[in-house]
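Reviewing the structure listed below.
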Amino acid sequence: MIATSRDPRIQLAHLRLGTVDIAADPALPPRVVRLVAGDGRQYIAKQHAERDRYAGELHAYGAWVTHLTGHAPVLVGRDDATRTLLLTALAGDRADAFAPGSPEEELAHHEAGHVLGKLHRATAMPQGGAVGASLAERFQGWIDRAVHADLLDAVEENLLKHHAVILGTSHMDSAICHLDYQPRNWLLGDTFGIYDFEHMRRDARVRDFARLEFRRWQAAPHLRTAFFDGYGRSPNDLERRLLESFGAIEAATALVKGHQENDAALSAHGRTVLSRLA
């Protein structure tokens with residue numbers, strides 16, 4: 001998406017900030033633009049393609065991002081008709097740009113654990129069966145989509161269904177979760193920053209570790225150690241077993257989305273996770 005004066009993101013910025021300049025930032029996705037106001041302050045304008053994602057992120061800023069004050073953008077303006085948000089820009093370097101094995105990468109994971117621990121502790125609820133049952137129902141929907149698209153053989157389908165049963169019969173504590181918690185959504189500067197809250201909701205607390213576990217930590221266990229040092233505690237035996245079942249969800253969603261979006265890398269990731277669970 002190329003920003004013009006008729007772009008809803010620019011119009012919202014003009015309304016709230018006055019004259020703005022567009023700052024080139026090739027790391028940003030197409031629907032996000034970095035802007036510089038007349039006083040030199042930087043902002044991010046983001047237009048959602050899907051109304052439910054817009055509603056989810058807007059709700060997150062109103063309900064839960066207050067627990068992350070100092071670590072998250074501030075909502076400056078919104079336009080419901082065009083699904084557009086105007087946010088303050090966080091300073092720092094994207095954590096997925098750090099060299100593998102570098103001190104900066106390890107520090108980012110430590111700080112990520114520390115900040116996520118604060119969010120989880122502030123919003124924790126005790127163990128219950130409702131979270132697991134809801135997760136299992138949603139997971140079965142992903143399994144059904146994968147089967148319909150002929151992405152699973154009978155053994156793989158049964159493996160995923162086995163993990164759905166585990167989730168459906170497990171008691172687990174819940175918290176407000178980011179649910180896309182990985183280095184591409186972190187910034188490391190004078191403070192640690194997080195963005196992209198469109199998936200944020202109450203969910204099983206352990207699920208917030210799944211993408212890191214299956215996309216980063218298995219190849220770099222020292223980053224897992226750094227993260228949980230910052231978080232304040234490591235998962236116990238039950239939570240580690242649950243994390244395997246959340247890996248099954250990761251596999252199913254990656255396979256289905258990779259197929260739908262013709263994303264070979266995402267499909268390959270789903271296959272890799274599935275093979276690790278076998």
Taking all non-hydrogen atoms of both residues, which atom of [X] and which atom of [Y] are closest, and how far apart?
X: Thr191; Y: Gly70; result: CG2-O, 3.6 Å
X: Gln140; Y: Ala164; result: OE1-CB, 4.5 Å
X: Gln47; Y: Pro8; result: NE2-CG, 3.7 Å
X: Ala204; Y: Cys177; result: O-SG, 3.5 Å
X: Gln218; Y: Pro221; result: O-CD, 4.3 Å
X: Arg9; Y: Pro30; result: NH1-O, 3.3 Å

Taking [X] for its side chain and [Y] for its backbone only, find out whether a donor-acceptor pair lies under 3.5 Å.
X: Ser267; Y: Ala264; answer: no
X: Thr84; Y: Arg78; answer: no
X: Glu157; Y: Asp153; answer: no
X: Arg276; Y: Gly247; answer: no
X: His259; Y: Asp150; answer: no
X: His178; Y: Asp196; answer: yes

Under a single-linkage definition using a 4.5 Å side-chain heavy-atom cutoff for Ile, Leu, Val, Met, Phe, Trp and Tyr, are [X] and [Y] assigned to the same hydrophobic cluster?
X: Leu135; Y: Ile166; value: no
X: Leu187; Y: Leu85; value: no
X: Ile249; Y: Leu159; value: yes

Please list, one pair per line, the donor and acceptor atoms closer than 3.5 Å that link side chains of residues 54-61 to other protein atoms, with sequence neighbours excluded.
unit_1 : atom_1 : unit_2 : atom_2 : d
Tyr54  : OH     : Asp80  : OD1    : 2.4
Glu57  : OE1    : Lys46  : NZ     : 2.8
Glu57  : OE1    : His48  : NE2    : 2.7
Glu57  : OE2    : Phe197 : N      : 3.0

Quick one: are [X] and [Y] in side-chain contact, heavy atoms under 4.5 Å?
X: Leu188; Y: Asp93; answer: no
X: Phe228; Y: Pro235; answer: yes
X: Arg224; Y: Arg216; answer: no
X: Tyr43; Y: Leu87; answer: no
X: Ile22; Y: Arg34; answer: no
X: Val131; Y: Leu167; answer: no
X: Val20; Y: Val36; answer: no
X: Leu152; Y: Leu274; answer: yes

Distance in Å, [X] [atom1] paired with [Y] [atom2], rounded so as to fall on 0.5 Å steps:
X: Trp64; Y: Ile176; atom1: CH2; atom2: CD1; result: 4.5 Å
X: Glu104; Y: Phe98; atom1: CD; atom2: CZ; result: 6.0 Å
X: Tyr195; Y: Leu68; atom1: OH; atom2: CG; result: 14.5 Å
X: Phe139; Y: Glu250; atom1: CZ; atom2: CD; result: 11.0 Å
X: Leu243; Y: Leu212; atom1: CG; atom2: CG; result: 9.5 Å
X: Gln260; Y: Thr253; atom1: CD; atom2: OG1; result: 10.5 Å

* To do: Go through the steps to decide whether Asp263 and Lys257 satisfy the test side chain to side chain contact (heavy atoms under 4.5 Å, CB included), and finish with yes or no.
  => CA-CA 8 Å; Asp263 186 331; Lys257 290 181 178 179; over 6 Å; no

Centres of the [X] and [Y] rings: under 6.0 Å?
X: Phe227; Y: His114; result: no
X: Phe209; Y: Tyr231; result: yes
X: His109; Y: Trp186; result: yes

May I ask you to decide whether [X] forms a salt bridge with [Y], counting only side-chain N to carboxylate O separations under 4.0 Å?
X: Arg184; Y: Asp96; value: no
X: Glu213; Y: Arg240; value: no
X: Arg138; Y: Asp203; value: yes
X: Arg83; Y: Glu50; value: no

* Trace of the side chain to side chain donor-acceptor pair (under 3.5 Å) decision for Gln11 with Arg6 -> CA-CA 6 Å; Gln11 291 180 335; Arg6 291 176 303 209; over 6 Å; no

* Asked: After noting the C-alpha distance and the side-chain angles of Glu239 and Met172, does the key distance pass the side chain to side chain contact (heavy atoms under 4.5 Å, CB included) rule?
  -> CA-CA 8 Å; Glu239 291 165 345; Met172 57 192 81; over 6 Å; no

* In this structure, which one of Leu75, Ile44, Leu17 forms a side chain to side chain contact (heavy atoms under 4.5 Å, CB included) with Leu86? -> Leu17

* Could you tell me which residues satisfy side-chain hydrogen bond (donor to acceptor under 3.5 Å, both in side chains) with Glu106, sequence neighbours excluded, listed by chain and number? =>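 side-chain hydrogen bond (donor to acceptor under 3.5 Å, both in side chains) list for Glu106, sorted by chain: empty.
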
* With sequence neighbours excluded, tell me which residues meet side-chain hydrogen bond (donor to acceptor under 3.5 Å, both in side chains) with Arg211. => Asp180

* **salt bridge (charged side-chain N to carboxylate O under 4.0 Å, His left out) between Arg271 and Glu156, worked out** => CA-CA 10 Å; Arg271 287 279 159 215; Glu156 293 167 337; 3.1 Å; yes

* No-hydrogen, no-angle side-chain donor-acceptor test under 3.5 Å, Arg202 and Ser174 -> yes

* Can you list the steps and then say if His71 with Glu111 is a side chain to side chain donor-acceptor pair (under 3.5 Å)? -> CA-CA 10 Å; His71 301 287; Glu111 292 303 296; over 6 Å; no

